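This one's a predicted model, so the numbers in the text were calculated from it and none came from an experiment.
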Amino acid sequence: MSPDSRKDLHEIQIKAVELTAEVWRKRLFDISWFMRALNEYIARAANKEDDCTGHFWEGRFKSQALLDESALAACMAYVDLNPVRAKMAKTPETSDHTSIKYRINAARVGKTPKRLMPFAGNPRLEMPHGLPFTLPDYLQLVDITSRYIHPNKRGKVEHNLPSILERLNIEQEHWITLTTQFETCFKHAAGKVIHLEQYAQNQHQQRVQGRHSAMRLLG
């Protein structure tokens, strides 16, 4: 505030302006405030587009902790097969906005997507950073799973499911349940019972949420 502009203001008004300016300064370099303002704008625009009201992020998005390899594989397949279940795509490789299509397109030209976690292969002693299975295993897994849930592909596939299910010790029927009802089976975290118990203890939770689904589906 310039000296000239202070002449017409009372001391109390000057103090109020200084306090307001200090608040604005803090908000200008506060990333949390920026994200709050950005989220509010996105929420209002999305609610207007969907013709609805309410909490945008709570109503549309969830956050779940994936505690082991079986939960990770099930969640990946669940997300990658969303367009197939919604009848927006006939096959996983034609599903827009999915990681599996992005990985397939990259693999066709001999590349690995830089924006996605790479596949590190089967778990071993000196395990590099990456997903604990191979790309061919995962592609076969998703492809065969899609044949069970796709409405235009009746019957069952006669040959065995990929070896990844055997390594993760998940039965065929349980795998189909996981990849079609993942969000209803688990809420805040997903994994085997022992991992859910460790998670609950670390989060200071009195009860282990998802125990029944974990025992029934993941063993």
Side-chain angles (χ1 to χ4, degrees), residues 1-69 71-80 82-83 86 88 95-103 105-106 111-120 127-132 181-191 195-211 213-214:
M1 180 181 296
S2 64
D4 293 337
S5 61
R6 291 174 176 264
K7 294 180 180 179
D8 299 328
L9 295 178
H10 190 274
E11 183 178 349
I12 296 179
Q13 293 175 312
I14 294 176
K15 186 63 176 179
V17 171
E18 291 176 345
L19 292 174
T20 302
E22 182 62 25
V23 172
W24 287 357
R25 287 193 190 96
K26 291 181 179 180
R27 290 179 181 177
L28 285 173
F29 59 79
D30 188 342
I31 188 64
S32 297
W33 185 268
F34 170 76
M35 291 305 301
R36 174 183 174 183
L38 178 63
N39 290 345
E40 181 180 0
Y41 170 79
I42 295 175
R44 289 182 182 276
N47 284 341
K48 183 178 181 180
E49 181 179 333
D50 295 344
D51 192 23
C52 65
T53 58
H55 295 288
F56 175 73
W57 300 110
E58 292 180 7
R60 294 172 174 83
F61 300 97
K62 293 181 180 179
S63 176
Q64 295 173 318
L66 304 178
L67 306 180
D68 48 43
E69 298 165 11
L72 175 63
C75 185
M76 286 178 61
Y78 172 82
V79 173
D80 278 334
N82 267 333
M88 298 174 63
S95 302
D96 292 332
H97 314 298
T98 60
S99 64
I100 191 168
K101 181 179 179 180
Y102 190 59
R103 293 183 191 277
N105 290 340
K111 295 183 179 180
T112 300
K114 294 182 179 180
R115 293 184 293 175
L116 298 176
M117 179 74 71
F119 288 93
M127 183 73 177
H129 184 62
L131 300 171
Q181 305 173 35
F182 188 86
E183 288 182 293
T184 58
C185 294
F186 298 100
K187 300 301 180 183
H188 302 294
H195 296 129
L196 287 176
E197 291 174 345
Q198 293 172 352
Y199 178 82
Q201 183 177 0
N202 293 336
Q203 297 297 316
H204 306 290
Q205 296 177 351
Q206 294 184 349
R207 59 186 297 266
V208 181
Q209 297 183 349
R211 182 195 294 271
S213 293

Could you list all the side-chain hydrogen bond (donor to acceptor under 3.5 Å, both in side chains) pairs where at least one residue sits in residues 23-33, not counting sequence neighbours? Glu22-Arg25

Rounded at 0.5 Å granularity, tell me how far CD in Gln203 sits from CD in Gln209. 10.5 Å

Ala45: side-chain contact (heavy atoms from CB on, under 4.5 Å) partners, not counting sequence neighbours: none

Nearest 0.5 angstrom please: Arg103 CZ to Thr98 OG1, how far? 10.0 Å

side-chain contact (heavy atoms from CB on, under 4.5 Å) filter on Ala65, not counting sequence neighbours, yields Leu67, Ala189, Tyr199

Whether Glu69 side chain and Pro132 backbone form a donor-acceptor pair below 3.5 Å: no

Could I get the full list of side chain to side chain donor-acceptor pair (under 3.5 Å) partners for Glu11, not counting sequence neighbours? none

Distance col, row Met35:CE vs Ile42:CD1, nearest 0.5 angstrom, shows 7.0 Å

Report the distance from atom CG of Leu38 to atom CD1 of Ile31, rounding to the nearest 0.5 Å. 9.0 Å

Sorted by chain and residue number, the side chain to side chain donor-acceptor pair (under 3.5 Å) partners of Thr112 (sequence neighbours excluded) come out as none

To the closest 0.5 Å, what do you measure between CG (Leu19) and CD1 (Ile14)? 12.0 Å

For the pair Thr184 (side chain) and Gln181 (backbone), establish whether a donor and an acceptor sit closer than 3.5 Å, ignoring hydrogens and angles. yes

Kindly write out the residues that satisfy side-chain contact (heavy atoms from CB on, under 4.5 Å) with Ala200, not counting sequence neighbours, or none if the list is empty. Gln205, Val208

Taking every non-hydrogen atom, the tightest pair across Gly191 and Ala214: O-CB, 3.2 Å

Look up atom CG in Asn82 and atom CZ in Phe182, then write down how far apart they are to the nearest 0.5 Å. 11.5 Å

Checking Asp96 now: which residues fulfil side chain to side chain donor-acceptor pair (under 3.5 Å) with it, not counting sequence neighbours? Lys101

Mind checking side-chain contact (heavy atoms from CB on, under 4.5 Å) for Ile12 and listing every partner two or more places apart, or none if nothing turns up? His10

Can you name the nearest heavy-atom pair linking Pro118 to His129, along with the distance? CG-O, 4.1 Å

Please name all residues satisfying side chain to side chain donor-acceptor pair (under 3.5 Å) with Tyr78, sequence neighbours left out, ordered by chain then number. Glu183

What pairs of residues pass the salt bridge (Lys or Arg N to Asp or Glu O under 4.0 Å) test when at least one of them lies in residues 202-211, not counting sequence neighbours? Glu197-Arg211

Please find the pair of heavy atoms, one from Ser99 and one from Asp80, that lie closest to each other, and give the distance. OG-OD1, 2.9 Å

Between Pro83 and Val79, the two heavy atoms sitting closest are CD-O, 4.0 Å

